[in-house]
Amino acid sequence: MDKFMERAVELAVENVKEGGQPFGAVLVKDGEIKAEGVNELHHTYDISGHAELLAIRKAQQALQTNDLSSYTMYASGEPCPMCLTAMYFAGISKIYYCASVEEAVEVGLGASKKIYEDLQKPKEQRSLAPVHMPLREGQENPMELWKQRNV
């Protein structure tokens with residue numbers, strides 16, 4: 001096993017021993033660990049406190065950038081849809097994981113599988129179906145403001 005994945009799994013083991021979930025993440029660039037994270041939901045009561053997101057936040061804050069292209073994420077578990085989406089937005093170029101979503105389901109951590117399945121459905125058929133509400137007539141349009149500012 002790769003030394004970075006070993007570290008991600010080590011973080012996950014430590015987190016379980018401290019009362020948390022079995023998830024650790026290591027963000028790497030040029031063969032060097034730039035940031036680490038573990039699921040902190042049990043400490044922070046913040047549903048976004050996932051290992052991968054925390055590693056991304058730490059790196060972006062330290063580097064003062066949103067661009068993590070050419071970075072690699074090592075995660076003890078297959079990333080959930082939220083974490084995977086954040087990796088897309090950050091531009092992370094490669095992801096390695098150890099335990100699969102199916103393995104997580106086997107130990108009672110099945111939310112990711114259900115969400116991945118739900119996201120494959122058309123919007124209207126999802127368990128959390130978004131409802132489009134257009135701007136009211138005459139309301140200032142933030143998308144147009146953005147477009148004008150960035151032309």
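Note that the coordinates shown come from a computational prediction; the quantities given were computed from them, not determined experimentally.
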Mutual orientation of the aromatic rings belonging to Tyr74 and Phe4 [parallel < 30°, tilted 30-60°, perpendicular > 60°]: tilted

Determine the minimum heavy-atom distance between [X] and [Y], stating which atoms define it.
X      : Y      : value
Gly24  : Leu11  : CA-CB, 4.1 Å
Leu119 : Arg126 : O-NH2, 3.5 Å
Ser48  : Met82  : CA-CE, 3.8 Å

Is the shortest side-chain heavy-atom distance between [X] and [Y] below 4.5 Å?
X     : Y     : answer
Thr72 : Val26 : no
Glu14 : Glu10 : yes
Ser93 : Met87 : no
His42 : Asn15 : yes
Asp46 : Glu40 : no
Val13 : Lys17 : yes

Side chain to side chain contact (heavy atoms under 4.5 Å, CB included) between Ile56 and Gln60, intermediate numbers included: CA-CA 6 Å; Ile56 289 168; Gln60 288 179 330; 3.6 Å; yes

Quick one: name the residues clustered hydrophobically with [X], using the 4.5 Å side-chain heavy-atom rule over I, L, V, M, F, W, Y, and just say none if it's on its own.
X     : answer
Val16 : none
Tyr45 : none
Leu54 : none

Check ion pair Lys34-Glu32 (N to O, under 4.0 angstrom): yes

Contacts of type salt bridge (Lys or Arg N to Asp or Glu O under 4.0 Å), residue Glu106, not counting sequence neighbours: none

Partners meeting salt bridge (Lys or Arg N to Asp or Glu O under 4.0 Å) with Asp118 (sequence neighbours left out): Lys121

Spell out, yes or no, whether [X] and [Y] are grouped together once hydrophobic residues are joined by side-chain heavy atoms under 4.5 Å, including indirect joins.
X     : Y     : answer
Ile33 : Met5  : yes
Met73 : Leu84 : yes
Val38 : Ile47 : no

Heavy-atom donor-acceptor pair, Glu78 side chain to Val101 backbone, under 3.5 Å: yes

Sequence neighbours left out, cut at 3.5 Å: what donor-acceptor pairs do the side chains of residues 109-117 make with other protein atoms?
residue	atom	partner	partner atom	Å
Lys113	NZ	Glu117	OE2	2.7
Tyr116	OH	Pro79	O	2.8

More than 12 heavy atoms from other groups under 6.0 Å of CD on Glu140: no

Criterion side chain to side chain contact (heavy atoms under 4.5 Å, CB included) on Phe23 and Leu41, from CA distance to verdict: CA-CA 11 Å; Phe23 300 107; Leu41 285 72; over 6 Å; no

